[in-house]
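Please read the structure below before turning to the comments.
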Amino acid sequence: MHWADHAARVLAKRDGPQTVASGITPSGSFHIGHLREILSAEMIHRSCLDMGIESRYIFIVDSMDPLRRVYSFLDGSYEKYIGHPLAFIPAPGADGKPDSSLGSYADHFLDPFLRSLEAIGVVPEVVLNHEVYASGALESRIHSVIEKRDEIRDIIETISGRDLDEYWFPYNPLGSDGSIDGVRVTGYDRPYVLWKDRHGAEGKSDIRKADGKMPWRVDWAARWGLHGITCEPAGKDHGSSGGSYDTGIPISRLLGHEPPGKMVYEWIQIKGMGPMSSSSGNTIGPLETLEIVPPEIVRYMIARTKMSKHIDFNTGNMLFETADEYERLVKSPPVVRDDGPRRKQVAAATARGALRLSQLSRGAPIEAGQVPFRHLSLLAQIRSEDELVWESLRKSGHLSGSPSEALKLRLSKMRAWINGDHFPEESRIEISKVADREMVDSLDGDQIAFIRHLGDRLKECEWNDSDIGTLIVDSMNLCNIEARSGYLAIYSILIGRSNGPKASTLMAECDRYELSELFSLA
RNA sequence: GGGUCUGUAGCUUAGUCAGGUAGAGCGACGGGCUCUUAACCCGUAGGCCGCGGGUUCGAACCCCGUCAGACCCGCCA
């Protein structure tokens, strides 16, 4: 059974509608790892719906979280905003300087992310946390948290093993300058929290307004109750022992809400080979990812991996393999046989679940087998016009009639990938202008004679795929050379490699004169 | 220091919660497609399930220990 279906089945034991949630702090650019946060939750939500369980999916944006420090992409002038909620400070312009015409910092980073989500078929109910505070919806919970602050302090100290200082308070008011830092609570008179800030100013925060916020570990537990959250997969950072999941569970119970079961996912790592290496500082954001990776492949990458396993993401081989695997699965989904061994049944059901959850919209029919990714990458490289690609695909039997929208999208993303920095060098096809000496030397006399013969006859053959193909075979027969040996020779001279894409297709894309020159081995 | 997750064929992994003779895909190798592939179809090989103990009639699975990697115990998806 697929992990999302399993999670849904566990949730079903809990009565009532399910609320699956994600939460992210918009402190900067979103990256591919955030997609796992979103998709883990969204897939469980879909599984619930597929099982007939009432469910909704909410995305809580931690827009009330303060700016922690001046990040590398920010101008030093952000110093004055440290400690201010992200919803209340201006977005950075291209130069990293605050520019209030660009809207709030939180929205600035959130908006493109939401567009990315839409592209992968995720349309959550978006909850902006600063608006929740401003609405007063949290008032009674903030009140309880303050009333029970000793118990909460005890929970956090015991479970996380860290000591809270004597001034710790489960509500952090904003001071006179709008920062949460350096503000000390001096009293509580519902609905006001009284404080004195680092400038010596005194004031009071209304807990019915966005005048302050609960610290993260408390905030998280309180929101579970407010939104009725029954499931919230969290990153392993929150999930480790003594982390915020462990403290959130008893705090949530203290506030009268049965918390979601602890559910933790592993990170996506972007180190590895090629241009994606994090050591080179070249990371890749979700928007950029989605320019080159088809959306259902992004979903499949998450769906195919259990939450507890980390994913090594790169835009090289890993992407080819994942995408090809997806295509094969679409083409021939594994059959679940009742009479087969249990393990096989489980494996087949898991794969089918991953395929189902990879679709952009729930319940849509899965599009019949498309084109292997690798094959498309090759056609995109040798066929400059899209129409010529479709033609090739029709010939190879991958396509009948017109290409689907999904396939067109594939090709355009493939072209973007090939034209960008993230395409793996080893998959690039480069046709030689001049025969490589080493390659020529590696060939025997028969092979060389064959190449010269072929080069000669190329001068006067019809310039298309099939005629060139026939010519190759003819020439091999005439030169009395085996097909294997002949093709090895062609590829060695043409692309400097022992194998490659269909030789005649490649050659048809070349200039006749240049090719015969190349094959003359001058 | 304390803790969590991960470790199964060259690679990616299923199976671990309900213990019952190790499943799959890629890659490799072989064959077929009266023309070729990085297309398509068929087949073959490849695993002391990280290591050591224990429980059991029986362990990849449960327990203890150990090694390795990732991460957490201040913020972090």
Side-chain angles (χ1 to χ4, degrees), chain A residues 1-2 6 10 22-25 27-28 30-41 62 65-69 156 159-162 164 215-217 233-247 262 264-269 271 304-312 317-318 320-322 324-326 328-329 331 334 340-351 354 369 371-379 392-393 395-398 426-427 429 465-466 468-474 476-477 483-484 486-487 490-491 497 499-507:
Chain A
M1 184 183 296
H2 191 269
H6 182 259
V10 171
S22 298
I24 301 178
T25 305
S27 55
F30 287 79
H31 53 82
I32 184 147
H34 291 108
L35 293 178
R36 193 170 201 179
E37 162 86 20
I38 298 289
L39 287 172
S40 298
D62 287 308
D65 283 14
L67 184 71
R68 288 277 168 216
R69 58 191 170 84
I156 294 176
I159 294 178
S160 80
R162 69 177 213 206
L164 301 173
W216 161 246
R217 293 171 103 110
K236 57 156 68 183
D237 49 337
H238 294 310
S240 64
S241 174
S244 43
Y245 229 127
D246 284 356
T247 50
K262 187 170 177 177
V264 177
Y265 61 85
E266 256 284 353
W267 308 97
I268 294 179
Q269 296 175 3
K271 68 181 172 198
R304 73 190 282 273
T305 313
K306 286 194 299 188
M307 281 202 272
S308 61
K309 295 249 191 188
H310 81 254
I311 296 174
D312 277 313
N317 269 337
M318 182 264 190
F320 272 123
E321 277 157 28
T322 306
D324 278 348
E325 183 176 296
Y326 175 82
R328 279 193 301 273
L329 211 51
K331 202 178 170 206
R342 181 176 142 268
R343 283 172 188 167
K344 268 194 143 168
Q345 288 181 38
V346 171
T350 303
V371 186
F373 221 57
R374 239 172 238 287
H375 190 55
L376 189 64
S377 85
L378 151 85
L379 292 177
S392 291
L393 289 174
K395 267 190 210 163
S396 59
H398 285 102
E426 68 268 21
S427 298
I429 300 288
D465 232 359
S466 72
I468 294 175
T470 310
L471 184 65
I472 294 174
V473 175
D474 256 20
M476 285 196 288
N477 289 337
R484 189 194 195 95
Y487 280 108
I490 293 176
Y491 289 122
R497 250 184 268 170
N499 63 353
K502 185 170 171 173
S504 58
T505 312
L506 258 175
M507 287 161 70

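Atoms considered below: every heavy atom in the structure, side chains included; atoms not considered: hydrogens, waters and symmetry mates. Protein chains get the first letters and strands the later ones, always in sequence-line order, with residue 1 at the start of each.
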Nearest heavy-atom contact between S22(A) and I38(A) is OG-CA, 3.9 Å
Scanning both residues in full, the closest heavy-atom pair of V264(A) with M307(A) reads O-CB, 3.9 Å
Winner on side-chain proximity to D237(A), out of C73(B), C76(B), C5(B), is C76(B)
key: Contact under 4.0 Å: W267(A) side-chain N or O vs U6(B) OP1/OP2   = no
Between CZ of R69(A) and P of C75(B) the distance, given in whole Å, is 14 Å
_Using the C1' atom as the point on both nucleotides, what is the distance between G46(B) and U8(B), in whole Å?_
14 Å
Spacing of the P atoms in G20(B) and U37(B) (rounded, Å): 44 Å
Steps toward side-chain contact (heavy atoms from CB on, under 4.5 Å) verdict (H6(A), V10(A)): CA-CA 6 Å; H6(A) 182 259; V10(A) 171; 3.9 Å; yes
Margin query: Could you tell me how far G74(B) sits from G3(B) if I compare only their P atoms? Round to whole Å.
Written below: 16 Å
Contact list (N/O, under 3.5 angstrom) for nucleotides 32-36 of chain B vs protein:
| unit_1 | atom_1 | unit_2 | atom_2 | d |
| --- | --- | --- | --- | --- |
| U36(B) | O4' | Y487(A) | OH | 3.1 |
| U36(B) | O2 | Y487(A) | OH | 3.4 |
| U36(B) | N3 | K502(A) | NZ | 3.3 |
| U36(B) | O4 | K502(A) | NZ | 2.4 |

Ranking C26(B), C75(B), C73(B) by distance to the side chain of W216(A), first place goes to C75(B)
Between K262(A) (side chain only) and D246(A) (backbone N and O only), is there a donor and an acceptor less than 3.5 Å apart?
no
Applying side-chain contact (heavy atoms from CB on, under 4.5 Å) to T305(A) and not counting sequence neighbours gives R36(A), K309(A), I311(A)
Atom NE2 of H34(A) and atom P of C76(B) are separated, to the nearest Å, by 10 Å
Here the distance between atom P of C73(B) and atom CZ of R217(A), to the nearest Å, is 8 Å
Distance col, row I429(A):CD1 vs S377(A):OG, nearest 0.5 angstrom, shows 7.5 Å
Here the distance between atom C1' of C5(B) and atom CD1 of I268(A), to the nearest Å, is 16 Å
Using a cut-off of 4.0 Å on non-hydrogen atoms, how would the nucleic acid contact of G239(A) be classed: base, sugar-phosphate, or nothing? nothing
request  = Pick base, sugar-phosphate or nothing for I429(A), based on heavy-atom distances below 4.0 Å to the nucleic acid.
outcome  = base
Take atom C1' in G23(B) and the same atom in A60(B), then report the distance between them in whole Å. 13 Å
Contact string for nucleotides 7-19 of chain B, one letter per nucleotide 5' to 3', B = base within protein heavy-atom range under 4.0 Å, S = sugar-phosphate only, - = neither, reads S----S-SSSB--
Separation of C40(B) atom P from R328(A) atom CZ, nearest Å, is 9 Å
Across the strands shown, which category fits S22(A) at heavy-atom distances under 4.0 angstrom: base, sugar-phosphate, nothing?
nothing
Separation of the P atoms in U13(B) and A22(B), to the nearest angstrom: 22 Å
note: F320(A), atom CZ; G27(B), atom C1'; distance rounded to Å ~ 15 Å
Mate of G19(B) across any strand shown (Watson-Crick or G-U wobble, both atom pairs under 3.5 Å) is none
Here the pair of heavy atoms bringing S244(A) nearest to H238(A) is OG-ND1, 2.8 Å
Can you check the distance between C17(B) and U36(B), where both ends of the measurement are the P atom (answer in whole Å)? 50 Å
Between CG of D246(A) and C1' of G2(B) the distance, given in whole Å, is 13 Å
| said: I'd like to know if the side chain of T350(A) and the backbone of M1(A) have a donor-acceptor N/O pair within less than 3.5 Å. | reply: yes
On a heavy-atom basis, the closest approach of S160(A) and R217(A) is CB-NH2, 3.5 Å
Whole-Å distance, L329(A) CG to G25(B) C1', equals 10 Å
Using 30° and 60° as the class boundaries, would you call the ring planes of H31(A) and H34(A) parallel, tilted or perpendicular? tilted
So what does R36(A) hit on the nucleic acid, given a heavy-atom distance under 4.0 Å: a base, only sugar-phosphate, or nothing? nothing
Between U12(B) and G50(B), how far apart are the P atoms? Round to whole Å, please.
14 Å
Smallest heavy-atom separation, F373(A) atom then D324(A) atom, equals N-OD1, 2.6 Å
Using Watson-Crick geometry (N1-N3 plus N6-O4 or O6-N4) or G-U wobble (N1-O2, O6-N3), each under 3.5 Å, G1(B) is paired with C73(B)
Margin query: Roughly how many Å apart are G53(B) and C42(B), using the C1' atom of each and rounding to a whole number?
Written below: 46 Å
